[in-house]
Structure formats: structure tokens, C-alpha cells
Amino acid sequence: VVELRQVVKHFGERKAVDRVSLAVPRGQFYSLLGPSGCGKTTTLRLIAGFEEPDEGEVLIHGRRVNELPPFRRNVSTVFQSYALFPHLTVAENVAFGLRRGKLSARRFDEGEIRRRVERMLELVQLPGAATRRPDLLSGGEKQRVALARSMVLEPDVLLLDEPLAALDQKLRQEMRLELKRLQRAVGISFLFVTHDQEEALTLSDQVAVMNQGRLEQIGTPEGIYSRPQTRFVARFIGSSNVFDGEVRRVEGGRVEIATAGGHCLVAPSPTPAPACGSAAGILVRPELVRIANEPAPAGAQRVAGKVIQSVFLGPHRQVIVQVEPRVEIKVLCPASTAPQQDSAVELWWNPEDALVLCG
């Protein structure tokens, strides 16, 4: 539905988007994820037509649209601020694009407009709100109206720029489920911009992780979490433990790394394998690390340390263990079995669950 080919965008001397290429498949929920200032919103604005690329191509259904204004692209945008018209009712807000010929390639009579608006308000679960004005709506209701106004035009792709950022935590969680339901119901491709990794991993069919204007990795939520390809992705997605060191040996499909603190750690070798003597790291997720309340299995990777912090998370605790002078390991364990502050502990994990980070 949408394709970017080697797109570049400058603002003065700053390169906001740097050689970005991606393709959004039809009917998918696709997220651009990254920290503030990484270029994700600029990328969205390039697709919408609010910005023009300095280099590269933007294509919609295979057609180059670089020079086309926003209203000629058959895309709709939901903004973080919702941008509802305060003097119009809910129904009038939803119908606005249908009544403005330049916002739609088709013309609709009043009967068709009314039917489309009613159907869309049913879809976003606001059938009784047609005559209300935006100032009488809650934050979640305003969000639903903004979605309805964009979807009623039946765009090729719906662009969502941090649409949940203004909502409280509970409402954000509810609207995540609502967004997923709506996307499946209408079958439109959603391109969702967010800095919230939980939102991206929960909602998306595919995630493109951005950093400093570049794409770091594209993949499924499971693939990006389990198999990060760069240090940035490994640290940005989820919680991670990383031991940095030097490659000592590559043998039998495994990499052995010596850390500055004196540990010798192993993990499956990536392809291509790192060179001996090169800098590398070993990553292991907190939920895969175990506290040795009982003997570790044969072949387990073991390290010892001291508990320096324990954070209550309901049924679980996140325990932080100092294992080297500058290395702290996060462990997620049941609250009932968590060790006491300042206690000495041994940790272990399966080497097959670890990941080598090169460079």
C-alpha cells in the first residue's frame, strides 16, 4: 500500500530522515517505533504529504506521490491532538470530509453521507453521540470520533501520529484493544507512530524501529524482541541485560566472550560469526535469568552477585543484582521467592537463550 525508497529529509543541516526504505503491506497494522526526535513523525508527514522529501520516492499503490498534495493521496491522518472542530457536532465532524469534495475522490449525496456516518459511529461504539459537541466528550470518545472521521473516507492507509499519548494509562490500554479491533474490522492498513514499545509490540503485525533518522530493524514484534540485530534495538525493546567484552573463541556454533569483570560467557554464534579479538556483548532477557534457589542444570551459565535493589511489581519482583563493578543484572522472579536486599545470590540461564551483539 505504501512504499518508501531511500527517502531523505533535511531540516537545515539536520538529517531528520536518512535513507529510509520500507513497505507497508495491505491490511496490516504497521508501527514506526523509536525515541523522541528519531524521525518517525517526519516519516509519517512525508507519506501524508505535509512534507516533501529531499531525495527518494514515496509511493502509494505503486504510484509516485512526491509532488501530490495531501488531499490527492487518499490517506487519512489521526493527530495526537484529535483536531476536532469544536463548533460541529460529532456527526458533522465525521461527515466533514465526505461533504468537502476536495477531500475525497468521490461525491456523496446526503442520504449516503448519513448512512456512512451512522455505520462508522456504530463501529467506534458511539451510536448515541451524533448530536453532541466535542467539548462534552471524554478523551477516549474524542479519540473514537477522530478515528471515525478518518476511516469514513475509506483511505488506502490510516496514519496515526501518537494518537494515545494524551490519554491516561487505563484508557490507553483500553484504546489499544479498540484500535486493534477497528483495524481488523475495516481492513485498512494502519501506520502507527509511537515511542511506546508496549503499544507497538501489542498492536502491530510489523514494527520498524528508528534511531537518529535511520531504520535499525524491521520485523514482527516477536522477532524484534527475541532477535534484536543491533545494540540500540536490544536496549530499546524490552528490558535487557548486556555483558560487554571481547571474543575469545568461536567454535562449534558458539561464541565465547571474556568480560572486563572476569566472566567467560557463551552464546550461539550469529551469522556471520564475529572475529576473535573483536568487541562483542552477550544479551539475556530478565525473564530468562533464574535465581539458583536450587542447583542449576548441567551446562547452565552461572554468575554470582549481590542484591542491590528489589522492586515490587504485583505478582513479581524485579531484582537487580550487582555481578561486576559496572554490570547490574535484572531478574524477574515470583514475589514470594525473591531474595532479600543485600543478600548474596547465584544466577543462571541457559546459554541457548543468550544472544551475541557484535560491535
Side-chain angles (χ1 to χ4, degrees), residues 1-25 28-56 58 75 77-81 157-167 169 172-173 175-176 179-180 183 189-240 242 281 283 285 355 357-359:
V1 180
V2 173
E3 186 178 0
L4 302 183
R5 296 178 181 172
Q6 294 292 302
V7 169
V8 176
K9 180 64 181 179
H10 294 86
F11 292 109
E13 295 184 356
R14 185 174 71 89
K15 191 178 287 188
V17 177
D18 188 3
R19 300 289 170 191
V20 167
S21 296
L22 58 81
V24 180
Q28 278 205 354
F29 202 118
Y30 195 106
S31 290
L32 292 177
L33 172 66
S36 297
C38 72
K40 56 190 185 295
T41 292
T42 301
T43 302
L44 195 81
R45 291 175 62 84
L46 289 166
I47 296 169
F50 302 136
E51 303 286 352
E52 188 172 330
D54 298 320
E55 299 177 40
V58 179
V75 301
T77 305
V78 178
F79 300 97
Q80 182 177 331
S81 62
V157 61
L158 184 64
L159 309 176
L160 301 108
D161 187 10
E162 304 250 20
L164 308 182
L167 305 179
Q169 183 63 25
R172 287 179 74 164
Q173 292 174 346
M175 284 304 300
R176 287 175 197 164
L179 277 176
K180 191 76 169 179
Q183 195 272 330
S189 297
F190 278 25
L191 182 56
F192 182 81
V193 162
T194 183
H195 66 275
D196 188 316
Q197 58 174 283
E198 186 177 338
E199 284 181 359
L201 298 180
T202 300
L203 290 168
S204 308
D205 297 305
Q206 286 196 80
V207 179
V209 183
M210 294 190 70
N211 180 38
Q212 298 182 341
R214 290 179 172 269
L215 282 176
E216 292 270 340
Q217 186 173 347
I218 299 175
T220 64
E222 295 86 354
I224 283 181
Y225 182 83
S226 302
R227 296 177 298 281
Q229 295 174 356
T230 68
R231 285 178 176 267
F232 174 81
V233 175
R235 293 184 181 276
F236 187 72
I237 302 296
S239 184
S240 59
V242 179
L283 176 145
R285 296 292 187 185
L355 188 74
L357 299 176
C358 298

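Note that the coordinates shown come from a computational prediction; the quantities given were computed from them, not determined experimentally.
Among residue pairs with one or both ends in residues 32-44, those qualifying as side-chain hydrogen bond (donor to acceptor under 3.5 Å, both in side chains) are Thr41-Asp161; sequence neighbours excluded.
Ile47 contributes atom CD1, which lies 5.0 Å from atom CG of Leu191 (distance to the nearest 0.5 angstrom). The OG atom of Ser81 lies 12.5 Å from the CD atom of Glu162; values are rounded to the nearest 0.5 Å. Note that the CG atom of Leu4 and the CZ atom of Arg19 stand 13.0 Å from one another [nearest 0.5 Å]. The distance from the CZ atom of Phe29 to the OG1 atom of Thr202 is 10.0 Å, given to the nearest 0.5 Å. Here CG of Leu22 is found 8.5 Å from CD of Glu3. Values are rounded to the nearest 0.5 Å. Distance CZ/Phe192 to CG/Leu159: 12.5 Å, rounded to 0.5 Å.
Nearest approach of Ala48 to Val75, heavy atoms of both residues: CA-CG2, 4.0 Å. Here the closest non-hydrogen pair linking Pro35 and Asn211 is CG-OD1, 4.4 Å. Nearest heavy-atom pair, Ile224 versus Ile218, reported as atom, atom and distance to 0.1 Å: CD1-C, 4.3 Å. Counting all heavy atoms, side chain and backbone alike, Ala200 lies closest to Pro221 at O-CG, 4.5 Å. Closest approach of Leu357 to Pro228, counting heavy atoms only: CD2-O, 4.3 Å.
By the 4.5 Å heavy-atom criterion applied to side chains, Val58 and Pro53 are counted as neighbours. Between Ser189 and Tyr30 there is no side-chain heavy-atom pair separated by less than 4.5 Å. Between Met175 and Pro163, every side-chain heavy-atom pair lies at or beyond the 4.5 Å cut-off. Annotation: side chain of Leu179 is not in contact with side chain of Glu199 (no heavy-atom distance under 4.5 Å). Counting heavy atoms from C-beta outward, Val20 and Met210 have side chains that approach closer than 4.5 Å. Two residues are said to be in side-chain contact when any heavy atoms from C-beta on lie closer than 4.5 Å; Ser240 and Arg285 meet this criterion. Residues Thr77 and Phe50 are in side-chain contact: their nearest non-hydrogen atoms beyond the backbone lie under 4.5 Å apart.
At least one donor-acceptor pair under 3.5 Å links the side chain of Asp54 to the backbone N or O of His10. In terms of modelled atom types and a separation under 3.5 Å, the side chain of Thr194 and the main chain of Asp196 share a donor-acceptor contact. Between the Gln197 side chain and the Gly238 main chain, a donor and an acceptor come within less than 3.5 Å of each other. The closest donor-acceptor contact from the side chain of Gln229 to the backbone of Gln217 lies at 3.5 Å or more, if one exists at all. For Lys180 (side chain) and Leu203 (main-chain N/O), a donor-acceptor pair under 3.5 Å exists by modelled atom type.
For the 3.5 Å distance criterion, the side chains of Gln6 and Ser21 qualify, holding a donor opposite an acceptor.
Applying the side-chain hydrogen bond (donor to acceptor under 3.5 Å, both in side chains) test between Glu198 and each of Arg172, Arg176, Gln173 identifies Arg176 as the sole match.
Gln212 CD: 12 or fewer foreign heavy atoms inside a 6.0 Å radius.
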